[in-house]
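A short write-up of the structure that comes next.
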Amino acid sequence: MPDRAPQPVDRQLPTEEARDLISLVRDIAEQEIVPRAAEEEDAGRFPRELFTLLSRSGLLGLPYASEYGGGDQPYEVYLQVLEELAAARLTVGLGVSVHSLASYALAAYGTKEQQVEHLPAMLGGGLLGAYCLSEPHSGSDAAALRTKAVRDGDAWVITGTKAWITHGGVADFYTVMARTGEEGPRGITAFLVPGDAAGLSAAPPEKKMGMKGSPTAQVHFDGVRVLDDRRIGEEGQGLTIALTALESGRLGIAACAIGVAQAALDEALSYATERRQFGKPIADFQGLRFMLADMATQIEAGRALYLAAARLRDAGRPFARQAAMAKLHCTDTAMRVTTDAVQILGGYGYTADFPAERYMREAKVLQIVEGTNQIQRMVIARHLVGPEGR
């Protein structure tokens with residue numbers, strides 16, 4: 001059989017502008033991201049200059065209003081951009097998703113004055129954001145966070161430690177959830193904290209299984225003082241803001257997962273059509289053909305699921321259950337598909353000479369971040385049968 005190079009995903013996009021946008025993203029991926037991805041990931045190098053390029057290209061604020069420097073794109077389009085970026089390098093795709101998550105609180109809950117002052121730089125001015133909810137002792141149980149913000153005149157003084165922060169130590173701004181009142185979910189407030197604020201510091205990045213180019217670190221707030229005009233929303237509204245942001249963030253993770261899975265499938269297809277055993281390409285063997293068919297089917301199903309949820313969001317309809325389903329299914333799919341890709345490449349799949357092993361290591365974290373897949377099952381079940389212990 002002749003060699004068949006994998007083809008770009010045939011996307012159904014709503015406008016000609018969206019098609020041009022995907023074409024731009026593919027050009028950037030081919031020319032700027034893919035050629036350096038393996039080397040930089042191996043070296044643990046964060047590609048800050050790529051995020052500057054993405055900002056200049058209008059790709060860091062796609063789902064937000066053009067009035068503030070955004071791209072006015074529906075989530076249906078934004079997520080497919082994320083998928084393309086993640087297929088090129090997960091550090092970049094996930095980084096854009098986290099930046100969007102960090103920008104959400106101000107875009108959705110900020111005052112007009114706050115949005116005018118801060119959003120243009122956040123969305124198109126070269127800044128990079130981080131989202132600070134998790135702590136060493138409160139991950140899935142976000143309402144148990146301990147970082148405190150104490151009012152001091154017209155300002156707040158923030159003290160505590162956040163954990164597992166993507167872009168920790170390199171971000172220009174941090175969207176921070178801190179306790180300003182009673183214990184539990186009602187005593188939490190959101191703040192926009194500058195990355196260069198006095199008293200803010202980051203620990204050395206965690207040594208991770210994958211995504212070594214993306215810094216994940218604890219961020220320490222040692223009496224960080226921010227004016228009240230950097231408080232986002234009302235006092236006590238922080239957890240609502242945080243969880244609402246995560247509903248959209250889960251779709252970003254789902255899209256990134258499908259991007260990684262698609263990259264792994266493409267690698268497996270290329271190898272299977274070129275590698276010959278017993279006188280013919282290994283893609284001619286039925287067992288392997290069935291593996292490839294299952295991988296492709298799982299990817300298509302995941303893509304359809306996250307896009308269906310995105311279209312609900314774009315229509316202003318509830319989408320939390322579908323977002324949890326998309327995050328669950330797509331990240332589980334990424335783990336299965338990348339593992340199968342390694343198997344198809346055999347011994348070569350286990351070496352760093354091919355990207356399959358990197359895809360498999362990277363896929364694992366997607367089952368954990370922004371709500372583990374066990375938490376997603378809890379969310380889905382609550383929508384189906386109501387809260388536990390009724």
Side-chain angles (χ1 to χ4, degrees), residues 11 18 21-34 36-37 40-41 45-65 68-107 119 121-131 165-168 170-175 195 210-211 213-216 245-246 248-260 262-263 306 310 313 326-327 330-331 334 362 365-366 369-370:
R11 300 194 179 279
L21 181 61
I22 291 294
S23 187
L24 169 66
V25 172
R26 286 175 173 168
D27 286 344
I28 291 174
E30 180 180 353
Q31 297 170 21
E32 304 292 341
I33 302 177
V34 172
R36 296 181 288 167
E40 291 190 347
E41 284 298 322
R45 182 177 180 275
F46 179 63
R48 181 58 194 258
E49 70 284 354
L50 280 177
F51 287 91
T52 301
L53 172 62
L54 295 178
S55 182
R56 288 202 308 264
S57 303
L59 299 179
L60 287 192
L62 286 177
Y64 296 112
Y68 303 114
D72 274 332
Q73 290 298 316
Y75 243 64
E76 172 188 4
V77 173
Y78 159 67
L79 293 179
Q80 293 187 76
V81 168
L82 281 188
E83 184 190 328
E84 293 279 347
L85 291 172
R89 184 179 177 186
L90 183 57
T91 285
V92 178
L94 187 68
V96 173
S97 181
V98 167
H99 175 82
S100 182
L101 177 68
S103 302
Y104 176 88
L106 190 67
L119 276 180
M122 292 164 62
L123 300 181
L127 301 187
L128 188 64
Y131 178 82
I165 306 305
T166 299
H167 302 155
V170 301
D172 299 297
F173 67 90
Y174 295 82
T175 296
M211 287 193 68
S214 175
T216 304
L246 284 173
S248 297
R250 286 168 183 155
L251 292 180
I253 299 302
C256 286
I258 293 302
V260 173
Q262 184 69 56
Y306 87 63
R313 185 190 190 280
K327 200 273 184 184
C330 292
T331 58
E362 291 177 340
V365 77
L366 299 174
V369 296
E370 295 192 28

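Count residues from 1 along the sequence.
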Residues that [X] engages under side chain to side chain contact (heavy atoms under 4.5 Å, CB included), provided they are two or more places apart:
X	result
A130	I165, H167, A171, Y174
V365	M211, V369
A86	L90, C256
R36	E32, E40, E49, L50

How close do [X] and [Y] get, heavy atom to heavy atom, and via which atoms?
X	Y	result
G213	P47	O-CD, 4.1 Å
A326	A254	O-CB, 3.6 Å
A37	A88	CB-O, 3.9 Å
D72	A65	OD1-CA, 3.4 Å
S55	L60	CB-CD1, 3.7 Å

Do [X] and [Y] have side-chain heavy atoms sitting under 4.5 Å apart?
X	Y	result
L62	V77	no
R250	Y306	no
F46	F51	yes
V34	E30	no

[atom1]/[X] to [atom2]/[Y] distance, rounded to the nearest 0.5 angstrom?
X	Y	atom1	atom2	answer
L53	L59	CG	CG	8.0 Å
Y68	L106	OH	CG	9.5 Å
E84	D27	CD	CG	10.5 Å
Y75	S248	OH	OG	4.0 Å
L82	I258	CG	CD1	12.5 Å
I253	L79	CD1	CG	10.5 Å

Report task. With sequence neighbours excluded, give me every salt bridge (charged side-chain N to carboxylate O under 4.0 Å, His left out) pair touching residues 74-83. Result -> R11-E83, E76-R311, E83-R303
Backbone N or O of [Y] within a donor-acceptor pair of the [X] side chain at under 3.5 Å?
X	Y	answer
S214	T91	no
D172	L128	yes
R26	L21	no

Query raised in the report: Is it true that E41 and R89 have a side-chain N and a carboxylate O under 4.0 angstrom from each other?
Result: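 Yes, charged N to carboxylate O under 4.0 Å.
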In a table with atom names and distances, give each donor-acceptor pair under 3.5 Å that connects a side chain of residues 96-103 to protein atoms at least two apart or in another chain.
residue : atom : partner : partner atom : Å
H99     : ND1  : G129    : N            : 3.0
H99     : NE2  : M122    : O            : 2.8
S100    : OG   : Y64     : OH           : 3.4
S100    : OG   : Y78     : OH           : 3.4
S103    : OG   : H99     : O            : 2.9

